[in-house]
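Structure record follows, encoded as structure tokens.
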Amino acid sequence: MSRPVLLVVAHGSRDPRHAATVHALVGRVRSLRPGLRVETGFLDFNVPSVHGVLRSLAAQGIRDVVALPLLLTRAFHAKADIPAVLRDAPPRLRIRQADVLGPSPLLLSALERRLAEAGLPPAEKSSTGVVLASAGSSDPEAIAVIADIAREWRHTGWCAVRPAFASAALPRTEDAVRELRALGCSRVAVAPYVLAPGFLPDRIARGAAEADVLADVLGPAPEVARLLLERYDAARLPLAAAVGA
């Protein structure tokens, strides 16, 4: 049996930087595993749509697909939108929905990579407070996960780590920056816990105006690409077993 196709399901955005970043990440995934067919579908705003990719795969005779949400938390899109789209797929397809990307130690490594690339010296880690700035969600589970990640990351040697949200929850990035200043951290950095540029990441960047360091989005970081393949492998193994592979 051939390996299932990996379908990366991205949210989509009117901002052209979003799709460009998604495609860069998918390109890195392909380079890490030559021979694996990797497709990209968008829920909104961009093409190809998830519906369109699934129809195309079915028309080509593909049977097995792993749909991987390009999401960091299990919020509304992972719980409702994506399952609804997959239920409308052509019936000949056998589809497994992989887990969302977060939380994962690989994402923490990617965050630290981006901070180092932004100019934060490793020697100043213990005196630096970090704002873990996410897009935000109205889902309490997703908000709790971000808070848990911040607590976990704090124990790796930072002065302090505070979560912040660009929408739907508080505090905002600028408030978390001021809180870290008040705590006495000699340097404050903002680490966007987002995958691609867009409206909410731009809001995070504006909120980081008083910070010393603003990292880039996670984007096609090597750790993120490796994580996509981890999630794919975890989802495809039960699928392979079910068909006797």
Side-chain angles (χ1 to χ4, degrees), residues 6-32 38-54 56 66-86 97-104 106-107 110-111 113-115 117-118 131-139 142 145-146 164-169 172-173 190-208 214-229 231-232:
L6 169 56
L7 171 59
V8 177
V9 179
H11 183 273
S13 171
R14 293 185 178 90
D15 189 322
R17 297 173 298 167
H18 175 91
T21 302
V22 170
H23 290 309
L25 174 58
V26 170
R28 175 156 265 167
V29 172
R30 291 191 181 107
S31 71
L32 289 176
V38 186
E39 301 289 343
T40 308
F42 295 91
L43 292 172
D44 207 353
F45 301 117
N46 302 106
V47 292
S49 69
V50 178
H51 278 299
V53 174
L54 292 172
S56 176
V66 170
L68 196 161
L70 199 58
L71 300 168
L72 296 175
T73 59
R74 288 195 74 254
F76 181 79
H77 294 301
K79 294 176 180 179
D81 282 355
I82 293 175
V85 171
L86 299 182
Q97 181 176 329
D99 287 340
V100 297
L101 299 180
S104 167
L106 284 170
L107 291 174
L111 288 166
R113 172 189 292 275
R114 292 301 189 226
L115 286 167
E117 291 170 348
V131 178
L132 180 68
S134 79
S137 172
S138 57
D139 188 313
V145 166
I146 300 300
F165 308 94
S167 67
R172 295 287 183 256
T173 301
V190 173
Y193 191 64
V194 293
L195 287 165
F199 176 75
L200 293 178
D202 284 349
R203 180 179 289 177
I204 290 171
R206 290 193 297 272
L214 170 63
D216 199 359
V217 298
L218 294 169
E223 297 85 355
V224 179
R226 286 168 50 201
L227 181 55
L228 263 68
L229 290 172
R231 296 291 188 253
Y232 167 78

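- The minimum heavy-atom distance linking Ala133 with Val194 is given by the pair O-CG1, 4.4 Å.
- The CD1 atom of Ile146 sits 5.0 Å away from the OH atom of Tyr193 when rounded to the nearest 0.5 Å.
- Looking at every heavy atom in both residues, Gly219 comes nearest to Leu25 through O-CD1, 3.9 Å.
- Taking each heavy atom of Ala164 and Val131 in turn, the nearest pair found is CB-CG1, 3.6 Å.
- Applying the salt bridge (Lys or Arg N to Asp or Glu O under 4.0 Å) test to Arg114 and every residue at least two apart in sequence or in another chain returns Glu117.
- With sequence neighbours left out, the side-chain contact (heavy atoms from CB on, under 4.5 Å) criterion links Val26 to Val8, Val22, Arg30, Val38, Thr40.
- Looking at Leu111 and Leu218, their side chains come closer than 4.5 Å, going by heavy atoms from C-beta outward.
- Residues Leu228 and Val224 form a side-chain contact, since some pair of their non-hydrogen atoms from C-beta on lies under 4.5 Å apart.
- With sequence neighbours left out, His51 forms a ring pair (Phe, Tyr, Trp, His ring centres under 6.0 Å) with no residue at all.
- For the side chain to side chain donor-acceptor pair (under 3.5 Å) test, residues two or more places apart in sequence or in another chain that qualify with Ser56 are Gln60.
- Between the CG atom in Leu101 and the CG atom in Leu106 there is a gap of 10.0 Å [rounded to 0.5 Å].
- Between Gly41 and Leu7, the shortest heavy-atom distance links the atoms N-CD1, 3.7 Å.
- In this structure, Ala98 and Pro69 approach most closely via the heavy-atom pair O-CD, 3.2 Å.
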Verdict with supporting geometry, Leu54 and Leu86, side-chain contact (heavy atoms from CB on, under 4.5 Å): CA-CA 8 Å; Leu54 292 172; Leu86 299 182; 4.1 Å; yes
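- Within the model, atoms CZ of Phe165 and CG of Leu132 stand 8.0 Å from one another, a figure rounded to the nearest 0.5 Å.
- Residue Leu214 comes nearest to Pro192 through the heavy atom pair CD1-CG, 4.1 Å, listed as atom of the first residue, atom of the second, then distance.
- In this view, Arg203 satisfies the side chain to side chain donor-acceptor pair (under 3.5 Å) rule with no residue, not counting sequence neighbours.
- Not counting sequence neighbours, the partners of Arg74 by the salt bridge (Lys or Arg N to Asp or Glu O under 4.0 Å) test are Glu141.
- Looking at Thr73 and Val100, their side chains never come closer than 4.5 Å, going by heavy atoms from C-beta outward.
- Qualifying side-chain contact (heavy atoms from CB on, under 4.5 Å) partners for Ala19, counting only residues two or more places apart in sequence or in other chains: His23, Phe42, Asn46.
- Here Thr21 pairs with Ala196, Pro197, Pro220 under the side-chain contact (heavy atoms from CB on, under 4.5 Å) rule; sequence neighbours left out.
- Residues satisfying the salt bridge (Lys or Arg N to Asp or Glu O under 4.0 Å) criterion with Asp202, sequence neighbours excluded, are Arg17.
- Screening residues 215-224 for salt bridge (Lys or Arg N to Asp or Glu O under 4.0 Å) gives Arg113-Glu223 as the qualifying pairs, with residues at least two apart or on separate chains.
- Judged as a salt bridge (Lys or Arg N to Asp or Glu O under 4.0 Å), and not counting sequence neighbours, the contacts of Asp139 are Lys79.
- Taking the six-membered ring where the residue is Trp, Phe45 and His11 present tilted rings, their angle falling between 30° and 60°.
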